[in-house]
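Report on one structure; see the data block that follows.
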Amino acid sequence: MTPAHIRLRFDDSLRFFLAARHRGSGAASLSHDGTSTLGHVIQSLGVPLTEVGELTVRGPDDDAGRRVGPSYRPRDAEVADVATAARPQPVPPPAPPRFVLDVHLGALARRLRLVGLDTSYGNDSSDDALLAQANAERRVLLTQDRGLLLRRALWLGAYVRGARPDDQLLDVLDRFAPALEPWTRCMACNGTLAPVEKSEIAALLRPGTRRTYDTFMRCRSCSRLFWRGAHSGRLESLVTTALEATGGDGAEARSGTRRGSGARRGADGFRTGRGSEPA
């Protein structure tokens, strides 16, 4: 079979995935065997299909382009325009979107939990385990490892943009526009929080904490205690910024609780610890 010659032009936001020789122009001309799909050709250039949106091809005799899917087999002398994934990006059920993060995104995981998003994270999860969990639980795999996103078996993933965790959080919120429920998840284990009477946990608190605070939450999964600590401003600022980014009014931020720094392990096994803001 005679090789087909095609040209691909990538949206500016996809250029950083390309090899240096293609990055400047955002375009690549190449030949292929005529049987490979457009999706395969795109990924061979280093761009994960998870980051790709609308695909449009135009032949030398076409006046206008036509939309195609990743399974389309390009023809000789066609030009393919590769757009970035739409924002906000719809996610198949179950809704709202749930996430699983790779081992390098622990700070982002804590921030996603802070704003109430179901976020699985383990600092020792292998790539194979992440892939299996994402597929089995229908979680969106968030990573900055393009190799993970290039795996064909992955049902849905996303490359997280940004070097700072705060910027990464805003990128995820901008991409998926999830509904937020701040202060409802444990930042340590992803369990859900529930109000607990001070009288129930008073014996677990250090005298200063018991004297100063009256409103507490407890994780239903790991039993950690959370309360409005003296240094909660940083967390409230993160929540307010997240709500504003998704169209909220920030009121939820003012009702939050935070894990404090004055608790000790109780005889009944409640696990509490020294509080810390997201790193």
Side-chain angles (χ1 to χ4, degrees), residues 94-101 105-125 133 137 139 142 165-166 169 172-173 178-279:
R98 302 184 300 166
F99 302 101
V100 57
L101 277 60
L105 297 176
L108 173 61
R110 292 189 290 275
R111 283 160 173 76
L112 290 171
R113 291 168 177 172
L114 173 66
V115 297
L117 297 175
D118 188 341
T119 303
S120 178
Y121 170 78
N123 60 11
D124 58 353
S125 299
Q133 182 181 5
E137 300 178 11
R139 292 180 179 271
L142 301 181
D166 290 2
L169 173 63
V172 174
L173 298 182
L180 306 185
E181 294 182 278
W183 315 105
T184 61
R185 287 194 175 271
C186 176
M187 291 172 63
C189 80
N190 195 45
T192 56
L193 301 181
V196 59
E197 293 294 331
K198 183 178 179 178
S199 59
E200 291 185 39
I201 47 88
L204 303 176
L205 305 175
R206 290 177 177 171
T209 302
R210 188 165 56 245
R211 194 168 50 246
T212 308
Y213 302 104
D214 295 309
T215 302
F216 297 86
M217 303 283 283
R218 182 164 60 195
C219 176
R220 291 187 173 97
S221 297
C222 72
S223 296
R224 282 178 172 85
L225 296 176
F226 294 76
W227 62 90
R228 188 74 166 262
H231 303 289
S232 61
R234 168 63 173 153
L235 299 183
E236 291 176 358
S237 177
L238 281 171
V239 169
T240 297
T241 300
L243 289 168
E244 290 173 348
T246 55
D249 61 8
E252 293 90 336
R254 293 187 291 275
S255 63
T257 57
R258 129 182 185 88
R259 194 169 79 193
S261 59
R264 59 183 174 81
R265 183 180 299 275
D268 54 2
F270 289 166
R271 294 174 53 205
T272 62
R274 181 170 298 278
S276 60
E277 295 183 4

If you round to the nearest 0.5 Å, how far is CZ of Phe226 from CG of Leu193?
5.5 Å
Report yes if the side chains of Leu108 and Thr119 come closer than 4.5 Å at any heavy-atom pair, otherwise no.
no
Tell me the closest heavy-atom pair linking Met187 and Arg113, and the distance in Å.
O-NH1, 3.1 Å
Cys219 and Cys189, any side-chain heavy atoms less than 4.5 Å apart
yes
Pairwise distance CG(Asp118) to OG1(Thr184) - rounded to 0.5 angstrom:
10.0 Å
Residues at least two apart in sequence or cross-chain that pass side-chain contact (heavy atoms from CB on, under 4.5 Å) with Glu197, listed by chain then number, are Ser199, Glu200
CA sep, side-chain torsions, deciding dist, call: Phe216, Leu205, side chain to side chain contact (heavy atoms under 4.5 Å, CB included):
CA-CA 11 Å; Phe216 297 86; Leu205 305 175; 3.5 Å; yes
Closest approach of Leu105 to Tyr121 (non-hydrogen atoms, all atoms of both residues)
C-CE1, 4.0 Å
Just by distance, with hydrogens left out, do Arg220 and Thr192 show a side-chain donor and acceptor under 3.5 Å apart?
yes
Taking the side chain as everything from C-beta on, heavy atoms only, tell me whether Trp183 gets closer than 4.5 Å to Glu236.
yes
Any heavy-atom pair between the side chains of Asp166 and Thr241 that's under 4.5 Å?
no
Apply side chain to side chain contact (heavy atoms under 4.5 Å, CB included) to the pair Val115 and Thr246, showing each step before the final yes or no.
CA-CA 11 Å; Val115 297; Thr246 55; over 6 Å; no
What verdict does the side chain to side chain contact (heavy atoms under 4.5 Å, CB included) test give for Leu112 and Arg185, after you've listed the backbone C-alpha separation in whole Å, the side-chain angles of each residue and the deciding distance to 0.1 Å?
CA-CA 9 Å; Leu112 290 171; Arg185 287 194 175 271; over 6 Å; no
Can you name the closest pair of heavy atoms from Ala179 and Leu117 and give their distance?
O-CD2, 3.6 Å
Please tell me if the side chains of Glu137 and Val100 come closer than 4.5 Å, counting only heavy atoms from C-beta onward.
no
Val239/Leu180 under side chain to side chain contact (heavy atoms under 4.5 Å, CB included): CA gap, chis, key distance, verdict:
CA-CA 9 Å; Val239 169; Leu180 306 185; over 6 Å; no
What's the separation between atom CG in Asn190 and atom CZ in Arg98, rounded to the nearest 0.5 Å?
10.0 Å
Looking at residues at least two apart in the chain, or sitting in another chain, which of them share a salt bridge (charged side-chain N to carboxylate O under 4.0 Å, His left out) with Asp124?
none
Who pairs with Ser120 by side chain to side chain donor-acceptor pair (under 3.5 Å), at least two apart in sequence or on another chain?
Gln133
